[in-house]
Amino acid sequence: MCPVKQNQNEPSASLISVAVVLPVHDCYTYTVPENLLQLACPGKRVRVPFGRRKVTGYVIGPATKPHATALKPILDVLDDEPLFPAAMVPFLKWVANYYIHPLGQVINTALPAGLNIVDVAVMALATAGREALATQVPTALERAVLAALTEQPADLRQLRKKVGPPVTWALIHQLRQREWITVASQTRGGKVRPKTVRMVSPTPGAVDPDRLSPQRQAILDLLRQRGDLSVPTLKEQYPTAPSLVRAMHKAGLVKIYEQTIYRDPFGAPIEPDTPPPLTEEQSDALGRLRPLLDRGFQTVLLAGVTGSGKTEIYLQMTQAAVEKGLHALVLVPEIALIAQTERRFRARFGKAVAVLHSGLSQGERYDQWLRIKRGEATIAIGARSCIFAPFDTVGLIIVDEEHDASYKQDGGLNYNARDMAVVRAQHQHALVILGSATPSVQSWHNVGTGKYMTVGLTQRVNRQPLPAIQTVDLSRLRDERGIRRYLTPVLQEALKQTLDRGQQALIFLNRRGFSSFPICAHCGQPIRCKNCDISLTLHKQANAYLCHYCGFSKAAVSTCPACGSNKIKLLGTGTEKIHEALRHLFPQARIARMDRDTMTRRGAMVGLLKDLKDHRIDILVGTQMVTKGHDFPGITLVGVVCADLTLNFPDFRAGERTFQLLAQVAGRAGRGNAPGKVILQTYNPEHFSIVAAKHQDFATFFNQEIGFRQALGYPPFTRMIAIRISGRNADQTADHARALGSAGQELLAADGDHQHQIQIMGPIEAPLARIANHHRWQLLVKSAHATRLHQFVHELVLGQKAPTIRSGVRVVIDVDPLFLM
Ligand code: ADP
Ligand code: ZN
Ligand code: ZN
């Protein structure tokens with residue numbers, strides 16, 4: 001039944017608050033007609049009139065009557081059961097408020113894709129149209145459309161399929177004006193449904209065996225023996241089962257009913273495991289963590305060096321939570337790592353685990369969502385979107401590799417799942433564990449201020465020392481020819497020795513493709529994207545130049561757009577070039593590449609990781625994908641081709657990101673029994689981020705970095721909100737950015753408190769000034785006072801005096817931006 005409770009003091013159940021799926025920032029109140037009263041519960045979708053439209057919205061909860069407004073009734077309730085628990089509403093509202101994003105769209109982001117209902121225009125043939133068909137009046141195209149509608153009404157997509165692409169809205173409009181056709185709006189969508197299977201159950205009562213064929217008899221026997229079976233299961237034994245069962249149903253021998261089944265995203269079953277005996281450090285850590293469960297809100301930063309066995313801590317904490325009847329939510333940065341973590345959790349907890357990430361099909365994701373919501377799974381593992389897992393209560397939230405940038409969603413709702421984990425835990429009085437070998441500056445700062453507790457693991461499980469790191473100064477090798485500038489003699493020698501010992505190596509370069517800086521040998525012009533202010537990258541495998549920002553591509557045989565010469569110098573090195581060079585240098589070695597180009601196929605990652613583990617690969621070349629938490633015991637050498645790529649970004653976090661990336665990739669070496677070695681090649685051997693990474697010395701790095709941040713007033717000492725302005729028209733975009741800038745200054749001038757506490761930087765053109773033909777500007781607003789900052793930006797962008805956004809210009813709010821490009 002419906003959980004909208006009603007008593008004297010509460011708002012009437014016939015009024016509900018609805019978040020419509022539109023870019024509006026308020027909830028709206030609707031009345032519920034008598035016949036829908038039992039159905040319109042929080043968490044379900046409803047159809048509501050909105051202006052002259054009908055739209056989908058989510059029931060947020062009961063409402064009180066607003067003054068002097070005529071309320072409209074909801075039109076329909078779209079779900080049998082709520083899509084999210086009512087208990088999540090305060091959290092969802094917080095997200096909408098903090099990220100300055102419409103609540104309906106926040107919920108849309110939270111829910112598994114494929115549930116959206118859309119209105120589709122459906123065309124039908126009118127009497128006049130039928131008559132026109134019989135005359136010579138219509139053109140051939142009009143005739144084709146009318147003919148296509150004689151059988152049944154169709155939408156535009158169906159018409160195009162039948163008639164061809166020339167069918168346009170303009171044509172539809174003409175036909176409608178002549179009253180040859182009618183156009184009506186119809187609700188479509190919500191294509192994901194629970195998957196069901198037909199189950200067969202024997203009807204009670206004895207049957208005269210003489211009246212049964214042997215096959216019917218066999219099926220009945222099987223059902224009596226094993227209980228109800230599905231038609232597909234029966235079919236495995238009796239290929240004709242589907243028709244047999246139908247006949248048996250008619251004869252009253254069996255009953256048939258539908259049952260929901262879950263699509264299985266898990267491949268092969270996984271053998272259960274038993275927990276290993278803990279190391280001393282691990283049991284100390286658990287001894288401190290366990291008592292924090294079920295004791296109210298607390299955040300703990302688990303700082304444990306690479307290979308110190310953090311995952312075992314996560315597993316045992318989850319175990320402890322489940323034993324106390326608490327739900328656990330486990331966030332892992334990327335699909336790459338989920339495969340590994342998911343296996344370990346499933347080996348320990350079996351069916352209690354549900355997974356949520358973009359590697360699942362829409363149907364699978366929906367099913368996993370339902371299992372969590374119905375309480376059939378008590379542990380949810382997933383990437384950033386898993387922070388929305390529909391548990392009504394959560395007792396433990398784990399964020400693995402908390403420093404990882406992939407917790408930040410860019411586009412649509414710009415959220416950070418790591419930060420939301422802390423907030424969701426606060427709402428639920430739960431424990432959060434943020435784990436990392438290279439904690440973010442933000443989190444470590446929070447330890448310093450006493451906001452977070454910390455628990456440390458200082459040693460690797462196998463007591464192996466952290467790998468020795470040797471730096472190679474690339475600037476001294478500028479005179480080396482060709483690829484030897486990157487695969488330096490030191491690195492080549494180390495590779496040779498590793499291969500000779502029968503061990504494995506990992507070569508890291510954070511740039512994919514073959515040549516990242518192709519330039520014309522004749523006129524010296526770089527080969528640029530026609531839509532963006534950036535060089536194209538040559539990808540040999542795809543045989544094309546690709547833009548990494550907008551996806552633009554052109555054939556690899558293209559000539560220089562400036563002078564027409566076909567002599568292109570392929571400067572700039574990517575993983576593809578390194579891979580090719582290594583194949584020439586070590587023809588006997590088995591070399592594989594792991595980057596976004598080679599990992600597009602579903603399951604490719606899992607296959608490659610398995611090959612690596614089973615030593616079917618000697619050298620793995622990869623981008624930052626290889627740095628993330630993987631546990632490859634056979635790797636004894638890590639080569640960093642060029643440590644400086646991230647260092648040169650115009651972004652105040654460049655140093656932090658470089659340190660993390662280098663310390664993480666170094667941590668992949670020597671995790672097995674043989675000691676590891678790292679060769680770190682760089683043009684800046686003296687830079688403090690690189691020196692600190694070389695010594696795996698987080699404390700020294702942090703102390704330097706935090707000094708800079710404080711001196712320059714950057715996070716964590718302030719909070720920032722980026723307002724991004726983009727549009728196709730350069731002048732319009734710049735004008736709007738400037739208008740926002742002056743509106744901001746006026747707001748500051750009007751309010752003395754604002755003036756002292758808020759700083760506006762810009763508007764400036766973004767460092768990447770043009771992407772996909774959109775000109776980009778940004779305005780950075782920062783303040784040490786979070787609430788004031790949010791109020792200010794809300795007022796600036798959505799308030800009464802906000803500059804009206806012209807069509808063609810987009811304004812996006814990015815709270816706590818991670819990338820300032
Ligand atoms: P981290 O995430 O801290 O880098 P992992 O959790 O991946 O480290 O652990 C590193 C390796 O040590 C894994 O292969 C894991 O199975 C193993 N391991 C962890 N704890 C123990 C233990 N107590 N005894 C034996 N092996 C362990
Ligand atoms: Zn040229
Ligand atoms: Zn481009």
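Bear in mind that the values here come from a model prediction, so they are computed numbers and not experimental data. Residue numbers run from 1 in the order of the sequence given. Whatever order the structure lists them in is the order used to number ligands and atoms, beginning at 1.
A salt bridge does not link R590 to D611: none of the charged nitrogens lies less than 4.0 Å from a carboxylate oxygen. The pair R724-D814 counts as a salt bridge, with a side-chain nitrogen and a carboxylate oxygen less than 4.0 angstrom apart.
The shortest separation from a heavy atom of A437 to ligand 1 is not under 4.0 Å, leaving the residue out of contact. The closest approach between R344 and ligand 1 falls below 4.0 Å for a heavy atom of the residue.
Residue G307 has at least one nitrogen or oxygen atom sitting less than 3.5 Å from a nitrogen or oxygen atom of ligand 1, judged on distance alone. The shortest N or O to N or O distance between V461 and ligand 1 is not under 3.5 Å. Annotation: G304 places no N or O atom under 3.5 Å from an N or O atom of ligand 1; distance criterion only. Of the N or O atoms in T306, none lie within a sub-3.5 Å distance of an N or O in ligand 1. Between T311 and ligand 1, a contact under 3.5 Å exists for at least one N or O pair.
The residue P633 has no part lying near ligand 1, judged by heavy-atom distances below 4.0 Å.
Side-chain contact check for R460 and T306: at least one donor-acceptor pair (N or O, by modelled atom type) lies under 3.5 Å.
Rounding to the nearest 10°, we obtain 110° for the angle at the Zn ion (ligand 3) between C532 SG and C529 SG.
The Zn ion (ligand 2) has no N, O or S atom of H522 closer than 2.8 Å. Residue H548 does not count as close to the Zn ion (ligand 3), with no N, O or S atom under 2.8 Å.
Taking every heavy atom of both residues into account, E342 and I381 meet most closely at CA-CD1, 4.2 Å.
Aromatic ring pairs are classed by plane angle as parallel below 30°, tilted from 30° to 60° and perpendicular above 60°; the pair F698 and F659 is tilted.
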